[in-house]
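Data first, discussion second: the structure below is written as C-alpha cells.
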Amino acid sequence: MVLDRPKTPLVLRDVAKPKPGAGQLLLQVKACAVCRTDLHIVDGELPNPKLPLILGHQIVGIVKEVHPSVSGQSGSDFSIGDRVGVPWLGWTDGSCTYCRSNRENLCNQGKFTGYNIDGGYAEFTAANARYCFHLPGSYDDVNVAPLLCAGMIGFRSYRKTGDAKRIGIYGFGNAAHLISQIALHEGRELFVFTRPGDDAGQNEARSLGAKWAGGSDEMPPDKLAAAIIFASVGSLVPAALHALAKGGTVVCGGIHMSDIPSFPYVDLWQERVITSVANLTRRDGEEFLKIAPRVPVKTKVETFPLEEANTALDKFRAGKLSDTAVLKIS
Ligand SMILES: [Zn+2]
Ligand SMILES: [Zn+2]
C-alpha cells in the first residue's frame with residue numbers, strides 16, 4: 001500500500017521486492033499495527049516524508065534473508081526464520097553528540113521506519129538488523145504489533161514521570177491502554193481524562209483500574225505528581241499543568257500537537273516542568289519488551305487485511321476504532 005503524496009489515499013500496487021542492503025534483514029511481514037503517526041504523515045502534518053512511501057512502523061516479520069555483513073555485528077543476532085519486530089527508530093549514525101550521550105532518539109541523522117525508510121504496509125520489507133527486536137513468545141503476531149510503538153514510546157513517556165505516585169493520563173487511546181497496565185502493576189494511582197462526556201471511555205478507564213476518570217475539562221480530586229498527554233490537542237497542556245502539584249511534570253507523548261494556548265505563569269511556577277518525548281532508543285524497546293510479558297500487558301486489536309489499510313486509517317481519523325488497528329498480511 002503506497003503513499004504517493006500526502007492527503008491522498010494509499011494505493012495498492014506491486015513494487016519490487018526489497019533487497020537487503022548492508023546491515024539489513026529481509027522480512028516477510030506478518031502484521032503491522034497502525035499508529036496515529038501514520039495518520040499525521042498521510043494528512044501532511046509531518047514534513048518531508050520519503051515519497052512514494054510505504055507506511056508502517058510496528059512491524060512483525062519473519063527473517064527471510066540476512067545480509068552477509070550482519071553476522072557477527074553486535075546487537076544483531078538474527079537468523080533465517082526468526083520472528084522480529086521493527087520499531088519507529090530505523091537507523092542512527094552512532095556518532096553525533098546525541099548518539100554518544102545515550103540519546104540516539106534525538107540523532108541528528110536519524111531515520112524512521114515508515115517515514116524516511118519504507119515500512120510494513122507491505123508483504124516484504126528490509127530493516128536494519130541493529131534496530132530490530134526479538135519478540136516475546138507469549139504474544140501472537142497481531143497482538144504483539146501494537147507494543148512496537150504505542151507500547152515502546154508510551155513507555156518512554158511513562159518513564160519520564162519518574163517515581164510519581166499519582167499520574168494523570170490525557171487521551172485514553174492505544175498508548176494509554178498499554179502504559180496504564182504497567183503503571184498499575186507498579187502501584188501508581190491513575191487519573192484518566194477523556195473527551196468531556198465520553199462516559200464509555202471513562203467507565204472503561206475505571207474498569208481497568210483507574211482511581212478516577214473524568215473529562216479533560218475537570219479537575220482531579222487530588223493534585224497530580226505527573227501527567228502524560230497522549231492526545232494531539234495543545235489546549236490540554238495548560239489544563240494538565242493546572243492539575244499538577246508543585247514540582248510536577250507534564251509529558252507530551254505525541255509527535256504532533258496543535259498550538260498550546262497561553263496560560264498564567266503561576267501554573268508553571270513552583271518548579272513544574274513541561275517536556276516532550278521524541279521517538280525511542282533501543283534501550284526503551286528492550287526494557288519495555290522485558291516488562292510487558294511479566295505484567296502481562298494485554299493488547300486489544302481490530303484486524304484489517306493489507307488492502308484495507310485506507311479503511312483502517314479512515315476509521316482511526318474518525319475516532320471509530322475501539323481497539324488498535326492491525327494490518328494482517330497473509
Ligand atoms: Zn507510532
Ligand atoms: Zn546520531
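All ligand and atom numbering here is 1-based and tracks the order in the structure.
The angle that C35 SG and C149 SG make at the Zn ion (ligand 1), rounded to 10°, works out to 130°. Put simply, the angle at the Zn ion (ligand 2) from SG in C107 to SG in C96 is close to 120°, to the nearest 10°.
Aromatic rings of W88 and Y115 (six-membered ring for Trp) have centroids within the 6.0 Å cut-off, being under it.
Within the 4.5 Å cutoff, the side chain of S157 has heavy atoms near those of the F230 side chain. The closest side-chain heavy-atom distance from D4 to V11 is below 4.5 Å.
Counting just the N/O/S atoms of H57, the one with the shortest distance to the Zn ion (ligand 1) is named NE2.
Taking backbone and side-chain atoms together, D93 has an N/O/S atom less than 2.8 Å away from the Zn ion (ligand 2).
Using a 3.5 Å distance cut-off with no hydrogens or angles, the side chains of Y121 and D38 do pair a donor with an acceptor.
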